[in-house]
Amino acid sequence: LGLVLTLTGAGVWALVWQSIVTRLVASIVLWAAVPLDFRLGFSARHFKDLIEFAVPTMFSRFLNWSSQQLPRLLFGLFWGSTELGLFSLATRLGDLLMEVAVVPRNAVARVELRTLASNPAGLNAAVRHVLTMMTVFCFPLCCGGAAIVPTLFHVWLDQRWLAAIVPAQCMLLMCMGLITQYLGGATLLALNFQRAEAVVSIAQTLLTVVLVLVFAPFGLTVASVGIAARPFLLMPLSVDLLKRKCSIPPSTVFLAQYPALG
């Protein structure tokens with residue numbers, strides 16, 4: 001629908017109607033898949049459960065969104081529109097790779113792992129399997145994407161965009177570190193450790209601000225390298241929370257990624 005409206009000249013309304021229809025179809029599918037009659041009511045117990053789950057989760061989601069927007073805001077104040085545009089293009093490539101290679105599998109894992117909350121051995125094996133599958137798919141895309149970015153930029157774009165090549169490579173390679181953070185968050189949420197997952201989001205937001213303030217004065221390339229290091233710096237925190245909260249040893253997290261990394 002979005003593409004058809006775009007090609008017929010609907011402009012920004014293509015995005016609006018795409019969003020509306022997407023939510024409408026999702027609601028219909030959800031309603032059809034859950035065999036419950038529609039009725040109005042209120043349950044204090046369920047409301048309490050909802051609040052306990054929703055508040056930390058919403059807080060975490062807001063911080064995740066902030067950690068993505070803060071670099072653009074602060075870099076814009078330091079550099080102006082030209083360098084900010086180059087940085088935004090670079091981050092879009094990383095975001096695209098994550099949306100294609102990681103986010104769908106991570107969303108499914110969050111549901112699958114919930115069924116293993118009372119089975120530590122099964123949970124450990126499932127986490128290792130999911131990490132292996134995600135990295136086998138994602139790591140080659142990260143490295144391959146970083147390798148072909150210079151060629152693609154020279155073919156697709158003019159000279160004004162070539163300064164974004166190294167930042168784009170950094171953002172693609174950064175995705176390799178994000179997998180541990182993503183699956184760690186999915187596992188914590190599956191086992192109802194929303195507050196622990198929010199701790200990672202808080203740390204990510206604070207680290208983002210520090211990295212931006214430290215590296216922004218040195219220019220686009222240096223700042224991109226600093227931002228790309230963020231998930232690797234946060235990896236020990238994610239691994240520690242998985243060990244303490246979910247009894248998943250660090251060996252499970254790292255050994256599952258070694259084959260694809262090699």
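Excluded from the calculations below are hydrogen atoms, water molecules and symmetry mates; all remaining heavy atoms, backbone and side chain alike, are included.
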Practice item. Give a yes or no on this: more than 12 heavy atoms of other residues, nucleotides or ligands lie within 6.0 Å of atom CZ of Arg72. Key: yes
Sorted by chain and residue number, the side-chain hydrogen bond (donor to acceptor under 3.5 Å, both in side chains) partners of Ser201 (sequence neighbours excluded) come out as Ser60, Asn64
Residues at least two apart in sequence or cross-chain that pass salt bridge (Lys or Arg N to Asp or Glu O under 4.0 Å) with Arg230, listed by chain then number, are none
Ion pair present between Arg105 and Glu112, side-chain N to carboxylate O less than 4.0 angstrom? yes
- Item | Lys/Arg N to Asp/Glu carboxylate O, Glu197 vs Arg61, below 4.0 Å | yes
| task | For Gln169 and Ser224, test the side chains for any donor-to-acceptor distance below 3.5 angstrom and give the result as yes or no. | result | no
* Heavy atoms of other groups near Leu3 CG, more than 12 under 6.0 Å -> no
Can you tell me if Phe254 has over 12 outside heavy atoms packed within less than 6.0 Å of its CZ? yes
Those residues at least two apart in sequence (or on a different chain) that pass salt bridge (Lys or Arg N to Asp or Glu O under 4.0 Å) with Asp49 are none
| Phe232 atom CZ, neighbour heavy-atom count above 12 within 6.0 Å | yes
Residues passing the ring pair (Phe, Tyr, Trp, His ring centres under 6.0 Å) test with Tyr182, sequence neighbours excluded, are none
When every non-hydrogen atom of Thr252 is compared with those of Leu131, the smallest separation belongs to O-CD1, 4.3 Å
- Query: Okay, side chain of Gln181, backbone of Gly177: is any donor-acceptor separation there less than 3.5 Å?
  - Reply: no
Residues at least two apart in sequence or cross-chain that pass side-chain hydrogen bond (donor to acceptor under 3.5 Å, both in side chains) with Arg45, listed by chain then number, are none
Worksheet item: Between Asp95 and Arg92, does at least one N-O distance fall below 4.0 Å, as a salt bridge requires?
Response: yes
Taken in chain and number order and not counting sequence neighbours, the residues that satisfy ring pair (Phe, Tyr, Trp, His ring centres under 6.0 Å) with Phe75 are Trp79, Phe87
